[in-house]
Engineer: 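Before we start, here is the structure in question, set down as structure tokens.
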Amino acid sequence: MKSFNTVVGTLGLIIAVIALMHAIYYNLAKIKLSNCTIDRVDEGYNKIYSFEVSNLSNVSIMVTGIELYNKQGKLLNDSGFDPYKKYDNE
């Protein structure tokens with residue numbers, strides 16, 4: 001009887017660990033970037049970077065900041081260019 005209790009307890013522990021790992025894995029935050037494009041909007045080489053962010057996980061995600069880097073790893077800074085302001089005045 002003691003060995004039966006040990007086997008049942010061990011199986012219960014294994015199932016609990018697997019369930020915990022499953023819950024942690026499927027509740028991780030996952031996002032997908034798609035439709036990434038770069039458009040040049042004027043002769044001054046100002047560009048608009050556009051993309052879509054999709055939440056693929058079961059948890060809510062709030063994007064609080066986005067940083068873009070070039071191929072050399074240098075941070076791309078905002079030039080302050082506003083295409084809507086420029087073209088609405090024309």
Engineer: If every non-hydrogen atom of S60 is compared with every non-hydrogen atom of N55, which pair is closest and at what distance?
Structural biologist: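 Smallest interatomic distance, heavy atoms only, reads CA-ND2, 4.3 Å.
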Engineer: To the nearest 0.5 Å, what is the distance between CD1 on I15 and OG1 on T10?
Structural biologist: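 One gets 11.0 Å once the value is rounded to the nearest 0.5 Å.
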Engineer: Members other than I61 in its cluster, when Ile, Leu, Val, Met, Phe, Trp, Tyr link by side-chain heavy atoms under 4.5 Å?
Structural biologist: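 Members besides I61, by chain and number: I31, L33, I38, Y49, F51, V53, V63, I66, L68, L76.
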Engineer: Would you name the heavy atoms of T37 and S50 that are closest together and state the gap between them?
Structural biologist: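 Distance-wise, the nearest heavy atoms are OG1-OG, 2.5 Å.
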Engineer: Taking G9's backbone N and O only, do any of them form a donor-acceptor pair with N5's side chain (distance below 3.5 Å, no angle check)?
Structural biologist: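 Absent.
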Engineer: Which pair of non-hydrogen atoms, one from A29 and one from S57, has the smallest distance, and what is that distance?
Structural biologist: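 Looking at all heavy atoms of both residues, the shortest contact is CA-OG, 3.8 Å.
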Engineer: Only counting residues at least two apart or in another chain, list the ones meeting side chain to side chain donor-acceptor pair (under 3.5 Å) with Y25.
Structural biologist: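 Partners of Y25 by the side chain to side chain donor-acceptor pair (under 3.5 Å) criterion come out as none, since no residue qualifies.
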Engineer: Got a sec, which hydrophobics cluster with L75, joining ILVMFWY side chains under 4.5 Å apart, including via others?
Structural biologist: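 Taking Ile, Leu, Val, Met, Phe, Trp and Tyr as members, L75 shares its hydrophobic cluster with Y69.
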